[in-house]
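Comments concern the structure below.
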Amino acid sequence: MTGTPALELRSVRRVYGFGSAATTALDDVHLTVPSGRFVSLIGPSGCGKSTLLRLVAGLEQPDHGGVLVHGVSPAEACAAKMIGLVPQSPALLPWLSVLRNVTLPQKINRGAGKRRERIADFAERQAAVPDMKELLVKAGLGDALHKLPAQLSGGMRQRAAIVRAFGLQPDVLVMDEPFSALDEFTRESLQDQLLDLWEELRTTVLFVTHSVSEAVRLSDTVVVMAPNPGRIVESIDVDLPRPRGERLFGERRFHEYEDLVRERLRRAWHSEAA
Ligand SMILES: Nc1ncnc2c1ncn2[C@@H]1O[C@H](COP(=O)(O)OP(=O)(O)OP(=O)(O)O)[C@@H](O)[C@H]1O
Ligand SMILES: [Mg+2]
């Protein structure tokens, strides 16, 4: 199975509603994401970013075209727990401690492993089953292991949700604006932790954001989308070295990428008005 892309969208179209009230949320979308890449989607509100994530996560079906996750349908990939989802606001179980919240899905989903082995070759990553306590400590939650979600700040809850998603070792992790409700510094520190986890576990990530600098900092590829109909207008490979720590913000090439993405976004807005 080596060489099969983690994600493949071909001629994807998704239309909501009928007749004159129809909205084409996605039209003729082609996207191939090789395994292990970090890809961000950015674009004006309503250009279909969340719709694209829902199609990948198997929550909806395209009206035309196809979606494959490691060569199988999203429904099959979901059944084998190959897909992890971090929603905009973290859904932790309020009656369980942080530690139990992040370890529970691992326990529940043990049975899915077998199904997964049949779909792809996981030998390499199975050697590195993450220690959840260690991941929580790395994410700065060492003092919060035994606290309840209600005792945490929003940023801490979001970190716990990210650790939990990585802990399931999904092959593809889809994240819909996971940091949008956080202040800038918390956001940057969570980006650090996300990159650390990703570099260690090498999951394929599909990440939605409205922040240009966040997209450039995190991604191997930034996919720019435009609305009416929702579509991909540009795919920009970010050729900056990793790790991408704070020093990146002082580098000229980082800002050149930001300018490039911003310019393409401006065109995407313009294309809506046209
Ligand atoms: N369930 C639905 N029923 C009808 N229309 C929908 C539905 N979901 C999305 N849409 C429409 O599809 C288009 C794309 O929506 P989507 O939520 O994917 O956009 P988005 O890029 O995620 O926007 P935002 O940045 O605001 O989150 C929008 O015009 C939206 O109104
Ligand atoms: Mg959205």
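When a ligand or atom number is given, it counts from 1 through the structure's own listing order. Side-chain atoms are counted along with the backbone in the values below, which use heavy atoms only and exclude waters and symmetry mates.
Taking Gln191 as the reference, Glu214, Arg217 meet the side chain to side chain donor-acceptor pair (under 3.5 Å) condition, with sequence neighbours excluded.
Rounding to the nearest 0.5 angstrom, the gap separating the CZ atom in Phe185 from the CG atom in Leu190 is 13.5 Å.
No single ILVMFWY cluster, assembled from side-chain heavy atoms under 4.5 Å apart, contains both Leu104 and Leu92.
A donor-acceptor contact shorter than 3.5 Å is absent between the side chain of Lys133 and the backbone of Gly142. A donor-acceptor contact shorter than 3.5 Å is absent between the side chain of Arg247 and the backbone of Gly245. Although no hydrogens or angles enter the test, the distance criterion places a donor-acceptor pair under 3.5 Å between the side chain of Lys49 and the main chain of Gly43.
Applying the under-4.5 Å side-chain rule to Ile, Leu, Val, Met, Phe, Trp and Tyr, the cluster around Phe249 extends to Ile42, Val212, Val216, Val222, Val224, Val233, Ile236, Val238, Leu240, Leu248, Phe254, Tyr257, Leu260, Val261, Leu265.
The existence of a salt bridge linking Glu200 and Lys138 is confirmed by a sub-4.0 Å separation between a basic side-chain nitrogen and an acidic carboxylate oxygen.
More than 12 heavy atoms of other residues, nucleotides or ligands sit less than 6.0 Å from atom CZ of Arg262.
The Mg ion (ligand 2) has Ser50 OG as its protein N, O or S neighbours under 2.8 Å.
When heavy-atom distances to ligand 1 are checked against 4.0 Å, the residues falling inside are Tyr16, Thr23, Ala25, Ser45, Gly46, Cys47, Gly48, Lys49, Ser50, Thr51, Arg54, Glu177, His210, ordered by chain and number.
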